[in-house]
Structure formats: C-alpha cells, structure tokens
Amino acid sequence: MNILFQIDGGLGKNIMATAITKVIRKQYKDAHIVVVTGYPDVFLNNPDINECFQVDQMRGAYLKYIKDQDCKIFIQDPYHHTSFITEKEHLLSTWCTLYNLQYNNEQPELYITQPEIEYYKPFYEVEKPIMVLQSNGGPQEQGFKYAWTRDIPESIVNKVIQHYKEDYTIVHIKREDQNKYPDTLHALDGFRSIAILLQLSKKRLLIDSFSQHLAAAMGVKSTVCWSTTNPKVFGYELHDNVLANPFTKPPQLQNSIYQPFHLSQDISSIPYNSTSEVFDINKIIESIDKQ
C-alpha cells in the first residue's frame with residue numbers, strides 16, 4: 001500500500017507532523033509512506049517514512065503511487081476541523097481522527113546525526129551556560145515586529161535578559177528583521193542547528209512557534225509563553241506552559257470569523273492597557289528557574 005501524507009503549513013506544523021508519521025507507521029507497518037511537505041529537512045533520517053518530496057516535485061505522482069494501486073491519500077488539513085476550531089483537543093489527536101488513525105500520545109521527533117552535532121556544537125562553545133530565547137515569531141512579510149497574539153512584549157523580554165545575563169549566555173532565536181536585544185547572541189540560522197542549540201542549553205524561554213515544537217521533538221523541557229493560542233491544542237506536557245494574564249480591555253472580535261484572533265495581530269488590537277500587563281514576569285522567572 002502507498003500512503004501519501006501531505007502537510008500544508010509552517011515549520012512548527014511540520015515538526016508536529018513527525019508524530020503523525022509515527023502513528024501511520026504503527027498502523028500500516030508495511031506501507032510505502034510518502035511525505036509531501038514544504039520542509040523536507042524536517043523528515044531527514046526519519047525511519048517512519050520511505051520518501052519525502054516538496055509539492056512541486058510531485059508531478060507524475062498519480063501514475064507512480066495511485067493509478068491501479070492500493071493507496072491512501074492523507075491530505076485533509078486539521079486546521080479546518082471543528083475540534084481544532086473549537087479547541088476541544090490537541091491538534092495531533094484531531095489530525096489522527098481525520099485519517100482514522102489511533103492516537104496514543106505519540107510525540108514529534110527530529111533525527112539529528114552525529115556529524116551535524118560535531119559541526120554545529122563548536123559555534124555554541126561559550127564561557128557561561130546557554131539560555132535560549134525566542135520572543136517573536138510569525139512570517140517575515142507580516143509587516144510589524146510585535147504580534148501581541150503570540151510574541152513576548154519587549155519590556156518583559158528586557159527584564160528576563162537583565163535577570164539572567166550575568167550567569168548565562170543568552171542566545172536569541174530570531175530573524176534579521178526582528179528585534180535585536182543587548183546582551184544576547186544571535187542563534188545560527190537553520191532549525192537543525194537550533195535543535196542542537198536547544199540540547200546544549202541549560203535554560204529555555206520560548207513562545208508558541210517552531211522552537212517549542214522543536215524542543216519537544218528533542219525532548220528538552222522549556223518554559224513556553226502563550227498569549228492567545230492554547231497549549232491544550234498546540235502544547236506538550238513536557239513543557240511548563242505560562243499563560244498570559246486575563247485581558248484588561250474588551251477584545252475586538254467584531255471581525256472574527258471562525259476563531260477570535262489571528263496568529264499575527266498588531267498592537268492596535270491589543271486588549272491590554274499596557275504590554276507590561278500581558279505576562280506575569282515573576283511566573284516566567286519562577287518557571288525558568290525550575291529548569
């Protein structure tokens with residue numbers, strides 16, 4: 001049997017999808033599993049799949065995998081399912097439901113090779129223990145640097161840096177177009193090198209972006225801050241999940257369609273009187289200290 005599993009979406013969703021390939025392999029032990037993705041590097045060395053292609057490489061797939069053959073096509077997007085929209089369960093459970101798969105708490109996993117570790121590790125040889133920070137996410141073309149619906153406010157990030165800078169080398173996961181903070185180093189580009197960075201680090205403060213999925217895939221407990229997304233849907237029991245404080249202003253929901261907020265919303269719609277109200281800095285530091 002051929003199984004074509006297509007993942008539409010960003011890096012974090014693709015890292016999550018490595019848990020789904022585990023479930024597929026368990027249920028269809030002898031299947032020829034083909035992953036179709038925009039992030040084939042996520043599936044490098046993955047023992048649960050047979051082939052991996054980008055969407056634009058799939059010309060001829062019908063004749064090769066489908067015509068006159070026993071096959072299954074797993075292409076439905078769990079983001080369109082009622083259980084996801086209403087936040088009834090974890091996304092991985094919803095994903096499996098779509099494909100009639102039995103979910104048994106399988107977790108994401110990334111397969112890093114020893115040569116990769118040997119290559120990237122020297123870049124992170126610093127005098128003090130490493131603390132990893134990801135404070136901002138979102139696509140490069142979103143048009144603003146701070147999305148209150150996901151990011152950690154600058155004032156809170158600065159307090160965290162001031163608290164830990166003497167004892168830790170703080171390595172910031174960021175793009176060139178995102179905020180640069182004093183007393184931090186810029187993480188190497190490339191998520192596979194960042195996976196190794198997470199393993200080398202002693203402490204981690206992350207948001208609901210690819211890094212928290214990556215930390216889960218590497219088995220590295222982290223503090224994860226949640227603004228409007230829900231750890232019940234996207235999170236992991238491994239992590240310590242710090243929720244945002246209750247809104248101090250009524251949220252603007254008049255234009256919302258299926259969900260109350262977009263993952264990237266600018267400061268004009270923030271339902272707080274000040275960005276300093278979004279998170280309790282003491283809860284964040286207490287969580288980080290427990291790592």
Side-chain angles (χ1 to χ4, degrees), residues 7 10-22 25 33-54 57 106-137 140 160-161 164-178 180-224 236 238-240 288 290-291:
I7 306 119
L11 177 56
K13 189 177 179 183
N14 275 267
I15 294 170
M16 292 186 81
T18 61
I20 304 300
T21 60
K22 287 184 183 181
R25 178 55 70 194
I33 300 173
V34 181
V35 169
V36 185
T37 172
Y39 295 87
D41 286 358
V42 170
F43 297 90
L44 283 175
N45 313 306
N46 190 313
D48 296 317
I49 70 171
N50 298 97
E51 296 182 276
C52 184
F53 301 102
Q54 293 196 14
Q57 296 175 316
E106 286 82 1
Q107 298 295 291
E109 190 166 2
L110 199 71
Y111 295 88
I112 301 293
T113 64
Q114 187 61 32
E116 287 179 288
I117 296 171
E118 293 170 356
Y119 178 80
Y120 287 115
K121 187 176 180 180
F123 290 98
Y124 295 118
E125 289 180 351
V126 291
E127 292 183 3
K128 292 182 287 188
I130 293 173
M131 176 177 173
V132 176
L133 167 69
Q134 187 186 16
S135 56
N136 300 77
Q140 190 164 353
V160 170
I161 292 171
Y164 290 104
K165 69 177 184 178
E166 298 300 327
D167 297 319
Y168 293 87
T169 296
I170 301 173
V171 182
H172 191 192
I173 299 171
K174 63 180 291 293
R175 296 192 310 268
E176 290 294 341
D177 65 305
Q178 293 175 322
K180 180 179 181 180
Y181 289 94
D183 301 305
T184 65
L185 301 178
H186 188 176
L188 294 177
D189 293 332
F191 71 90
R192 294 183 73 86
S193 68
I194 291 173
I196 295 166
L197 167 66
L198 289 167
Q199 284 193 318
L200 294 172
S201 63
K202 295 297 183 182
K203 295 187 181 297
R204 294 151 294 277
L205 174 60
L206 311 173
I207 60 171
D208 180 25
S209 187
F210 81 91
S211 61
Q212 72 107 1
H213 299 291
L214 192 57
M218 303 306 293
V220 180
K221 180 181 178 66
S222 305
T223 296
V224 183
Y236 304 93
L238 171 68
H239 297 329
D240 187 23
I288 296 171
K290 290 179 180 177
Q291 291 178 23

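- Here salt bridge (charged side-chain N to carboxylate O under 4.0 Å, His left out) pairs that include residues 110-125, with residues two or more places apart or in two chains, are E116-R192.
- Counting only distance, with no hydrogens or angles, the side chain of S222 and the backbone of V220 share a donor-acceptor pair below 3.5 Å.
- Taking Y111 as the reference, nothing meets the ring-ring contact (aromatic ring centres under 6.0 Å, His included) condition, with sequence neighbours excluded.
- A distance-only check finds no donor-acceptor pair linking the side chain of N50 to the backbone of V34 [under 3.5 Å].
- To the nearest 0.5 angstrom, R175 atom CZ is 8.5 Å from N136 atom CG.
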Go through it in stages, so that I can follow the logic: the residues are I20 and I7, the test is side-chain contact (heavy atoms from CB on, under 4.5 Å), and I'd like the CA-CA distance, side-chain angles, deciding distance and then a yes or no. CA-CA 10 Å; I20 304 300; I7 306 119; over 6 Å; no
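- The ring-ring contact (aromatic ring centres under 6.0 Å, His included) test applied to Y181 returns H172, not counting sequence neighbours.
- No close placement of the Y39 and F43 rings is indicated, their centers lying 6.0 Å or farther apart.
- Here T223 contributes atom OG1 and H239 contributes atom NE2; the two are 9.5 Å apart, rounded to the nearest 0.5 Å.
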Worked verdict on M131 versus L205 for side-chain contact (heavy atoms from CB on, under 4.5 Å): CA-CA 8 Å; M131 176 177 173; L205 174 60; 4.3 Å; yes
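- Using a 4.5 Å cut-off on side-chain heavy atoms (C-beta onward), V132 and L197 make contact.
- In this pair, Y164 and Y168 present their aromatic rings perpendicular. The plane angle is above 60°, beyond the 30 to 60° band.
- Side-chain atoms of K128 do not come within 3.5 Å of backbone N or O of D167 as any donor-acceptor pair.
- L44 CG to C52 SG: the interatomic distance, rounded to the nearest 0.5 Å, is 7.5 Å.
- Across every non-hydrogen atom of E106 and K22, the tightest pair is CG-CB, 4.2 Å.
- If you take CD1 on I130 and CG on L198, they are separated by 10.0 Å, rounding to the nearest 0.5 Å.
- With rounding to the nearest 0.5 angstrom, the CG atom of L185 is 9.0 Å from the CD1 atom of I170.
- Legend: side chain to side chain donor-acceptor pair (under 3.5 Å) pairs involving residues 193-202, not counting sequence neighbours, sorted by first then second residue: S201-R204.
- The structure places CD1 of I173 at 10.5 Å from CG of L188, a figure rounded to the nearest 0.5 Å.
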Tell me, with the steps shown, if L200 and Y120 meet side-chain contact (heavy atoms from CB on, under 4.5 Å). CA-CA 11 Å; L200 294 172; Y120 287 115; over 6 Å; no
Could you give the side-chain donor-acceptor pairs of residues 211-219 under 3.5 Å, partners two or more places apart or in another chain?
{"from": "S211", "atom 1": "OG", "to": "Q134", "atom 2": "OE1", "distance (Å)": "2.2"}
{"from": "Q212", "atom 1": "NE2", "to": "D208", "atom 2": "OD1", "distance (Å)": "3.2"}
{"from": "Q212", "atom 1": "NE2", "to": "F234", "atom 2": "O", "distance (Å)": "3.1"}
{"from": "H213", "atom 1": "ND1", "to": "Y236", "atom 2": "OH", "distance (Å)": "2.7"}

Yes or no on side-chain contact (heavy atoms from CB on, under 4.5 Å) for V42 and L110, after CA distance, side-chain angles and deciding distance? CA-CA 7 Å; V42 170; L110 199 71; 4.3 Å; yes
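- For the pair K180/K174, a side-chain contact is recorded, criterion being any heavy-atom separation below 4.5 Å from C-beta on.
- The salt bridge (charged side-chain N to carboxylate O under 4.0 Å, His left out) contacts involving residues 40-54 comprise E51-K64, where partners must be two or more places apart or lie in separate chains.
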